[in-house]
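The structure appears right after this line, and notes come after that.
Please read all numbers here as calculations on a predicted model, not as lab measurements.
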Amino acid sequence: MFSNRINDPAFARYVKNNNRWSAIFALILAVAAIVGFYIAGENGSEMENPESLYIGLGIGGMFIAIALLQIWGRKRSKTWDGFVIDKQVKPKKRKRYTDDDNYYWQEYREYVVVVRSDQGKLHELTAEDDDTVFNYYTVGDRVRHHGGLNSYEKADKSRDSIIFCNACGFLHDISAEYCEKCHCPLLK
């Protein structure tokens with residue numbers, strides 16, 4: 001069964017704090033960009049103010065817009081139920097560049113867990129070169145996506161030896177009651 005511990009006020013507090021810190025961090029970056037470009041415009045020879053200041057305002061506005069989109073996305077995220085319908089291991093390659101502008105192909109594995117919501121929409125949990133989440137889920141598992149937290153909870157945890165925190169994602173032994181990182185209750 002899904003845990004009723006999701007109703008603990010610690011989760012609402014976690015989302016609220018996460019939104020607040022996103023906004024604060026974005027404001028700090030925005031102010032740093034504006035001040036930095038203004039100073040560069042006053043002291044540099046490549047670009048003068050107000051052009052430099054406008055660039056700083058644009059970059060600062062971008063930081064604020066990104067934070068607002070993250071906060072809005074968390075608020076729009078809904079809780080829904082579904083099933084794990086597939087698991088895939090995909091061998092992949094990516095181009096990596098060296099210091100002397102040469103490149104090589106790096107091989108890695110992408111671990112994918114496919115979840116179908118009860119409404120029929122497909123969702124993927126992916127990880128590169130880490131099969132922990134992949135091994136945690138089994139095809140057929142009933143899962144719940146928790147809105148605002150953007151995390152998944154398994155309905156049947158009776159055979160599990162580990163559990164993920166649904167707030168911060170930190171991995172714990174199944175015997176733990178609270179997350180040692182964010183102090184939210186573990187959904188057991």
Note, Leu27 side chain near Ile64 side chain (heavy atom, < 4.5 Å): yes
Which pair of non-hydrogen atoms, one from Pro185 and one from Tyr178, has the smallest distance, and what is that distance? CA-CD2, 3.5 Å
Side-chain heavy atoms of Asn19 within contact of Arg74, under 4.5 Å: yes
Would one find more than 12 heavy atoms of other residues, nucleotides or ligands at under 6.0 Å from atom NZ of Lys95? yes
So Arg96 and Tyr103, side chain to side chain contact (heavy atoms under 4.5 Å, CB included) or not? Walk me through it. CA-CA 5 Å; Arg96 292 289 193 188; Tyr103 68 89; over 6 Å; no
Any side-chain heavy-atom pair of Asn49 and Tyr38 under 4.5 Å: yes
Are the side chain of Ser22 and the backbone of Asn18 linked by a donor-acceptor contact shorter than 3.5 Å? yes
Does Phe25, at its CZ atom, have more than 12 non-hydrogen atoms belonging to other residues, nucleotides or ligands within less than 6.0 Å? no
Judged by atom type as modelled, is there a donor-acceptor pair below 3.5 Å linking the side chain of His145 to the main-chain atoms of Lys78? yes
I'd like to know if the side chain of Asn166 reaches the main chain of Leu186, judged simply by a donor and an acceptor atom lying under 3.5 Å from each other, with no hydrogens or angles considered. no
Mind running side chain to side chain contact (heavy atoms under 4.5 Å, CB included) on Ile162 and Asp173 for me, showing each step along the way? CA-CA 5 Å; Ile162 60 171; Asp173 185 85; 5.9 Å; no
Check Gly148 against Val15 and note the closest heavy-atom contact, atom names and distance. O-CG2, 3.9 Å
Rounded to the nearest 0.5 Å, how far apart are NZ of Lys90 and OH of Tyr108? 10.0 Å
Could you see if Ile34 belongs to whatever hydrophobic cluster contains Ile55? Use Ile, Leu, Val, Met, Phe, Trp, Tyr and a side-chain cutoff under 4.5 Å. no
NZ/Lys181 to CG/Leu171 distance, rounded to the nearest 0.5 angstrom? 11.5 Å
Nearest atoms (heavy-atom pairs only) where Glu153 meets His146: OE1-NE2, 2.7 Å
In Å, rounded to the nearest 0.5 Å, how long is the span from OH of Tyr136 to CG of Asp160? 4.5 Å
List the steps, then state whether side chain to side chain contact (heavy atoms under 4.5 Å, CB included) holds for Ser117 with Asp81. CA-CA 6 Å; Ser117 72; Asp81 293 347; over 6 Å; no
Side-chain heavy atoms of Tyr111 within contact of Val133, under 4.5 Å: no
If I compare all heavy atoms of Ala33 with all of Gly60, which pair ends up nearest, and what's the gap? CB-N, 4.2 Å
Quick one: pull up SG in Cys168 and NE2 in His183 and give me the separation to the nearest 0.5 Å. 9.5 Å
Can you check whether Asp141 reaches Phe83 side chain to side chain, under 4.5 Å on heavy atoms? no
Please report the shortest heavy-atom distance between Cys184 and Ala10, naming the atom on each side. SG-O, 3.6 Å
Test log, rule side chain to side chain contact (heavy atoms under 4.5 Å, CB included), inputs Tyr152 and Val113: CA-CA 11 Å; Tyr152 293 83; Val113 177; over 6 Å; no
Side chain to side chain contact (heavy atoms under 4.5 Å, CB included) with Glu46: which residues, sequence neighbours excluded? none
Quick one: list whatever passes side chain to side chain donor-acceptor pair (under 3.5 Å) with Glu177, sequence neighbours left out. Arg5, Lys188
Side chain to side chain, Cys165 and Cys182, heavy atoms closer than 4.5 Å: yes
Tell me whether Val89 is reachable from Tyr137 by hopping between hydrophobic residues (I, L, V, M, F, W, Y) whose side-chain heavy atoms are closer than 4.5 Å. yes
To the closest 0.5 Å, what do you measure between CD (Glu107) and CG (Asp129)? 10.5 Å
Sub-3.5 Å donor-acceptor pair from the side chain of Ser52 to the main-chain atoms of Phe37, do we have one? yes
Given the rule that I, L, V, M, F, W and Y join up when any side-chain heavy atoms are under 4.5 Å apart, are Phe164 and Val143 in one cluster? yes
Would you name the heavy atoms of Phe2 and Arg142 that are closest together and state the gap between them? CZ-CG, 3.8 Å
Same apolar cluster (I L V M F W Y, side chains within < 4.5 Å links), Val31/Ile39: yes
Around atom CG of Asn4, are there more than 12 heavy atoms from other residues, nucleotides or ligands closer than 6.0 Å? no
Residues in side chain to side chain donor-acceptor pair (under 3.5 Å) with Glu128, at least two apart? Arg94
Over 12 non-hydrogen atoms of neighbours within 6.0 angstrom of CZ in Arg109: no
Kindly compute the distance separating CD (Gln70) from CH2 (Trp72), expressed to the nearest 0.5 Å. 13.0 Å
Would one find more than 12 heavy atoms of other residues, nucleotides or ligands at under 6.0 Å from atom CG of Asp100? yes
Would you say Ile163 and Leu149 are hydrophobically clustered, going by side-chain heavy atoms of ILVMFWY under 4.5 Å? no
Close side-chain approach of Val114 and His123, heavy atoms under 4.5 Å: no
Please check this pair: side chain of Thr79 against backbone of Gly147, looking for a donor-acceptor N/O pair closer than 3.5 Å. yes
Under 3.5 Å donor-acceptor, Glu110 side chain and Thr126 backbone: no
Near Glu42 CD, under 6.0 Å, is it more than 12 heavy atoms from other residues, nucleotides or ligands? yes
Tell me, do Lys87 and Val112 make a side-chain contact under 4.5 Å, heavy atoms counted? no
